[in-house]
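Counting convention: from 1, in listed order, for ligands and their atoms alike. Reckoned from all heavy atoms, side chains included, excluding hydrogens, waters and symmetry mates.
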Amino acid sequence: NIDAVVFDLDGVITDTAHYHFLAWRQLAEELGIVIDEVFNERLKGVSRMDSLELILQEGNQQHNFSLAQKEEMAAKKNLHYCEFLKELTPDDVLPGILNLIADIKSEGISIGLASVSKNANTVLEALELQKVFDFCADAAKISKSKPDPEIFLTACNGLGALPQRSIGIEDAAAGIEAIKASEMFAVGVGSSLHKADYQVENTDQLCWDKIKEAHKNWISI
Ligand code: G6P
Ligand code: MG
């Protein structure tokens, strides 16, 4: 009795989370702001403009720029990020993901995508995964980024799935919060996702039987 499994993209399906970080770090450097991987955890799952705000706040520069200037900076970061995307091939799907997807599909359970990235389609195409997902929530139509549940609820709705009977998979703390706010079962990939209902260190530990087992125990709590 699982309706659907909804995946985050960056950092779950492929390691584009790292490309986002490299592109932001370069922009931050140009502004004299230092960001590291620890700070980057706060950017995961957060929209482009919200990420820029967090970086400017980190450097105490949030009041220094007009909206037009901020949009220009965000566009610059995106250009840099898109350069990285040109390198992306189907070999860049993270370990364990294709097996997991095949196992889920073999049980007739639908698969959705919940990424607030406006580059999600480009990434899926480069990975040759666009046909694998039964429904991808459109980031352009989402007004609130994670931790708001909007994108996960939109994905469930598009799949005709009840959130309470669905599972979300995320690498970001904001993403886990969004899944929980949607009343879904939250699977975390990473090391400090304390609010996840079930957690693994990396994607090759994502085993469908183990996820189902954890989900069953969660239901019976
Ligand atoms: C995902 C990533 C974030 C990124 C956001 C927007 O949530 O985890 O790091 O900022 O998408 O991505 P975009 O490609 O639209 O700039
Ligand atoms: Mg992510």
Does the side chain of [X] reach to within under 4.5 Å of the side chain of [Y], using non-hydrogen atoms?
X    : Y    : answer
K212 : E107 : yes
H18  : E37  : yes
I151 : S145 : no

### Task
Verify the neighbour count for atom CG of N1: are there more than 12 heavy atoms of other residues, nucleotides or ligands below 6.0 Å?
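Check fails, neighbour count at 12 or below.
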### Query
Does a sphere of radius 6.0 Å around NZ in K105 hold more than 12 heavy atoms from other residues, nucleotides or ligands, not counting ones at 6.0 Å or beyond?
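Count over threshold, so yes.
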Identify the protein heavy atom lying closest to [atom], giving its residue, its atom name and the separation to 0.1 Å.
atom                    : value
atom 10 (O) of ligand 1 : V46 O, 2.8 Å
atom 16 (O) of ligand 1 : R48 NE, 2.7 Å
atom 15 (O) of ligand 1 : K118 N, 2.7 Å
atom 8 (O) of ligand 1  : G45 N, 2.9 Å

Heavy-atom contacts under 4.0 Å between [X] and ligand 1: side chain, backbone, both, or neither?
X    : value
S117 : both
L43  : backbone
D10  : side chain

#### Entry: Contacting atoms of ligand 1, where contact means under 4.0 angstrom from a heavy atom of S51
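Answer, ordered by atom number: 10 (O).
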### Query
If you count the atoms of ligand 1 from 1 in the order shown, which ones are under 4.0 Å from a heavy atom of N119?
13 (P), 14 (O)
### Message
Here's one to test your reading of the geometry: is the NZ or CZ of K86 within 45 degrees of the ring axis of F84 and under 6.0 Å from its centre?
### Response
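The answer is no, since K86 fails at least one limit relative to F84.
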#### Entry: Ring centre gap for Y198 and H215 strictly below 6.0 Å
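Centroid distance Y198-H215: not below 6.0 Å, so no.
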### Query
Where is the tightest heavy-atom contact between E150 and D148, given as atom of each residue plus distance?
N-OD1, 2.8 Å
#### Entry: Under 2.8 Å from the Mg ion (ligand 2), the protein N, O or S atoms, given as residue and atom
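You should have found D8 OD2, D10 O, D171 OD1.
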### Query
What about M184 and V200, same hydrophobic cluster or not, with Ile/Leu/Val/Met/Phe/Trp/Tyr joined at side-chain heavy-atom distances under 4.5 Å?
no
### Hydrophobic cluster identity match, V5 and L9, side-chain contacts under 4.5 Å
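Yes, one cluster joins them.
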### Query
Is N78 in polar range of ligand 1, meaning some N or O pair under 3.5 Å apart?
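No; every N/O pair is 3.5 Å or more apart.
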### Query
Which residues satisfy the side chain to side chain donor-acceptor pair (under 3.5 Å) test with R42, sequence neighbours excluded?
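Counting only residues at least two positions away or on another chain, R42 forms no side chain to side chain donor-acceptor pair (under 3.5 Å).
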